[in-house]
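Just below is one structure, and these are the notes that go with it.
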Amino acid sequence: MSSHIESERLSNSLAELDQLTNWERRSRGDMRVDLEPMRDLARRLVDPQNRFRIVHVAGTKGKGSTCALIEAGLARAGFSVGRYASPHVMHITERVSIQGRPVGEERLADALGAALAAFKDARREATDGQGATWFDILTVSALLIFSLEGVEWAVLETGLGGRWDSTNIVQSDVAVITNIDLEHTEILGKTRAAIAFEKAGIIKRGATVVTLLPEADEAGAVVSARAAELGCAVRRPTVPADATIEQRNVALAGAVLDVLGKLGVMTKGASAMSEPLGGQLLDPSTIEAARLPGRLEKLAADTIGGHNAKVNVVLDGAHVPFNLAAVLSDLRQEEKYRAPCIAVMSIAEDKDAAGLLSTMTHHDISIIFTTVGARSRSPEQLKTIADTLGLPSIVMLDPLEAYQEALAGAPESGAWVLVTGSLYLVGIIRSA
């Protein structure tokens with residue numbers, strides 16, 4: 001899936017890593033319920049997570065973009081900042097950024113080498129670290145890089161859930177819970193309240209909680225209760241009901257910067273007077289710089305054949321119904337996305353395909369179903385669901401051919417093209 005890796009050392013480390021349990025790649029019915037393997041590895045690497053201050057972010061959607069905005073705000077305030085994210089769209093190094101840029105392959109290879117050595121020591125000595133997963137080792141490598149690079153702040157995105165997530169060995173200044181919706185229910189629980197309990201596991205005594213979940217909401221109530229139990233203040237930025245995804249993410253990130261300002265964190269830098277951090281750091285150019293690939297990413301593509309027209313293309317890896325619905329309603333606010341749409345779509349086995357497709361019935365959309373590997377649901381099955389919903393669709397197994405077909409078909413109806421349902425699919429189309 002990743003684009004080409006130049007570094008032989010990184011390739012070798014990743015090959016070794018791939019022998020381990022990878023929660024991102026297996027059926028999600030089982031999940032370990034302790035952090036001891038992670039704690040053991042971190043101890044063996046001299047607890048790198050204690051060398052910088054932390055903003056910790058959990059939630060169903062919007063984590064990645066919110067983290068990127070917080071990172072951009074902290075960098076603009078003059079701090080050296082690291083960000084840990086998942087999954088990656090094009091290249092594994094995207095998961096570990098310093099000052100908004102992915103780390104180099106050799107840097108990641110060094111850290112993975114050290115983490116794998118700690119893992120082998122744990123296996124030899126039969127301590128907890130022998131149970132470490134793929135994500136544990138990657139996470140501890142990121143923490144090690146941040147400590148070696150001397151970052152002052154790290155923004156950490158949880159991988160899955162919160163309470164037992166590999167990132168949860170840290171003590172944060174701010175714990176952010178973006179939103180809660182039903183996803184990974186086989187592991188995290190069948191109700192929004194149950195999932196909120198898992199995500200609220202990142203809240204630690206001494207942190208301030210920032211969330212968009214209203215107190216009256218079943219998930220918001222769980223977050224409030226956990227915060228109260230630990231004596232943590234909760235900050236809820238207000239956003240209008242019709243706010244776009246980006247406006248929500250900016251409101252959350254701005255609230256985090258406001259909280260840090262109130263905690264006495266001041267901007268650094270030679271030029272201006274030092275002042276408390278705050279949401280004002282997120283000016284339009286900082287917001288623009290924080291955009292992530294494959295999240296409402298808009299471009300104009302050349303068409304093939306006789307047309308000289310450009311086709312408007314949007315790449316968005318939405319794979320949860322409420323997120324796809326938000327993406328489509330945000331886009332509708334712009335004239336050019338009110339035209340008919342041709343979607344190129346792949347959906348993983350463990351996602352709610354019927355839910356995703358039914359959100360599309362409210363729009364003028366025809367779909368080309370494709371596949372991106374073993375975890376994709378069969379496009380024929382997807383077509384059957386689309387048929388029952390009255391959505392016109394065809395199947396093209398090769399994702400690049402499906403994309404070319406969409407571009408070729410767009411001009412005759414003045415359509416735009418949406419690539420969605422899977423960040424892996426977005427990565428494949430993007431690298432082409």
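Separating the OG1 atom in T66 from the CG atom in L212 is a distance of 8.0 Å, to the nearest 0.5 Å. Distance NE2/H91 to CG/L10: 6.5 Å, rounded to 0.5 Å. Atoms OG and CG, from S431 and L400 in turn, are 7.5 Å apart once rounded to the nearest 0.5 Å. With rounding to the nearest 0.5 Å, the separation of CG in D330 from CD in E246 is 9.0 Å. From F135, atom CZ reaches atom CG of L17 across 11.5 Å, with rounding to the nearest 0.5 Å. Taking CD1 of I245 as the reference point, atom OG1 of T178 lies at 11.5 Å (rounded to 0.5 Å).
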*Stepwise side-chain hydrogen bond (donor to acceptor under 3.5 Å, both in side chains) check, D283 with T286*: CA-CA 5 Å; D283 61 0; T286 307; 2.4 Å; yes
_Walk me through whether H56 and V174 qualify under side-chain contact (heavy atoms from CB on, under 4.5 Å)._
CA-CA 6 Å; H56 200 178; V174 185; over 6 Å; no
*In sequence, state the C-alpha distance, the side-chain angles, and the governing distance for V155 and L74, and then conclude on side-chain contact (heavy atoms from CB on, under 4.5 Å).*
CA-CA 10 Å; V155 186; L74 285 165; 4.1 Å; yes
*For the pair D316 and R295, evaluate salt bridge (Lys or Arg N to Asp or Glu O under 4.0 Å) and give the outcome as yes or no after the intermediate values.*
CA-CA 5 Å; D316 191 284; R295 316 304 204 282; over 6 Å; no
*Let me see the working for I54 and F146 under side-chain contact (heavy atoms from CB on, under 4.5 Å), right down to the final yes or no.*
CA-CA 11 Å; I54 291 166; F146 296 152; over 6 Å; no
*Using the side-chain contact (heavy atoms from CB on, under 4.5 Å) rule, take T244 and L296 through it: C-alpha gap first, then chi angles, then the decisive distance, then the call.*
CA-CA 11 Å; T244 63; L296 267 175; over 6 Å; no
Anything under 3.5 Å between a donor and an acceptor, one on a side chain of residues 381-390, the other on a protein residue two or more places apart or in another chain? List them.
residue: K383; atom: NZ; partner: D387; partner atom: OD1; Å: 3.2
residue: K383; atom: NZ; partner: S393; partner atom: O; Å: 3.0
residue: T384; atom: OG1; partner: E380; partner atom: O; Å: 3.0
residue: T388; atom: OG1; partner: I385; partner atom: O; Å: 2.6

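Surrounding CD of E215 are at most 12 heavy atoms belonging to other residues, nucleotides or ligands under 6.0 Å away. Heavy atoms of other residues, nucleotides or ligands lying less than 6.0 angstrom from CZ of F52 number more than 12.
Side-chain atoms of T370 come within 3.5 Å of backbone atoms of L397 as a donor-acceptor pair (strictly under, hydrogens ignored). Side chain of Q99 to backbone of V81: a donor-acceptor contact under 3.5 angstrom is found. Judged by distance alone, the side chain of S80 and the main-chain N or O of E152 form a donor-acceptor pair under 3.5 Å. Panel note: side chain S147, backbone L143; no donor-acceptor pair is recorded below 3.5 Å. In terms of modelled atom types and a separation under 3.5 Å, the side chain of D47 and the main chain of N50 share no donor-acceptor contact. W416 contributes a side-chain N or O that, together with a main-chain N or O of Y337, makes up a donor-acceptor pair within less than 3.5 Å. A donor-acceptor pair is defined here as one N or O able to donate and one able to accept, closer than 3.5 Å; such a pair exists between the side chain of Q171 and the backbone of R205. Here the side chain of E288 pairs no donor or acceptor atom with the backbone of S285 at under 3.5 angstrom. A donor-acceptor pair is defined here as one N or O able to donate and one able to accept, closer than 3.5 Å; such a pair exists between the side chain of E105 and the backbone of E6. Side-chain atoms of R338 come within 3.5 Å of backbone N or O of R332 as a donor-acceptor pair.
Proximity of V140 to M38: side-chain heavy atoms (C-beta onward) are separated by under 4.5 Å at one or more points. At a threshold of 4.5 Å between non-hydrogen side-chain atoms, the residues I342 and E405 do not count as touching. Using a 4.5 Å cut-off on side-chain heavy atoms (C-beta onward), K61 and H319 make contact. Between T267 and L277 the shortest side-chain heavy-atom distance falls below 4.5 Å. Between K298 and K336, the closest side-chain pair of non-hydrogen atoms is not below 4.5 Å. A 4.5 Å side-chain heavy-atom check between L35 and W164 finds at least one atom pair inside the cut-off. Inter-residue side-chain proximity for L328 and I365 is flagged as met; some heavy-atom pair is nearer than 4.5 Å. Contact of the R236 side chain with the S224 side chain is registered, since non-hydrogen atoms from C-beta on lie closer than 4.5 Å.
Side-chain contact annotation: T139 with Y84, donor-acceptor N/O pair under 3.5 Å present.
Across all their heavy atoms, A109 and S13 have their closest contact at O-OG, 4.1 Å. Across all non-hydrogen atoms, the minimal contact from V210 to A255 is CG1-CB, 3.8 Å. The nearest pair of heavy atoms linking A115 to L41 is O-CD2, 4.4 Å. Closest approach of A111 and I145 over heavy atoms only: CB-CG1, 3.5 Å. Between L257 and I70, the closest heavy-atom pair is CD2-O, 4.4 Å. Closest approach of E157 and T167 over heavy atoms only: O-CG2, 3.7 Å.
Residue R192 is tested with D217, N179, T60 for a side-chain hydrogen bond (donor to acceptor under 3.5 Å, both in side chains); the sole match is D217.
Look at R375 and D350 and you find a salt bridge, because one of the NZ, NE, NH1 or NH2 atoms lies within 4.0 Å of a carboxylate O, short of that distance.
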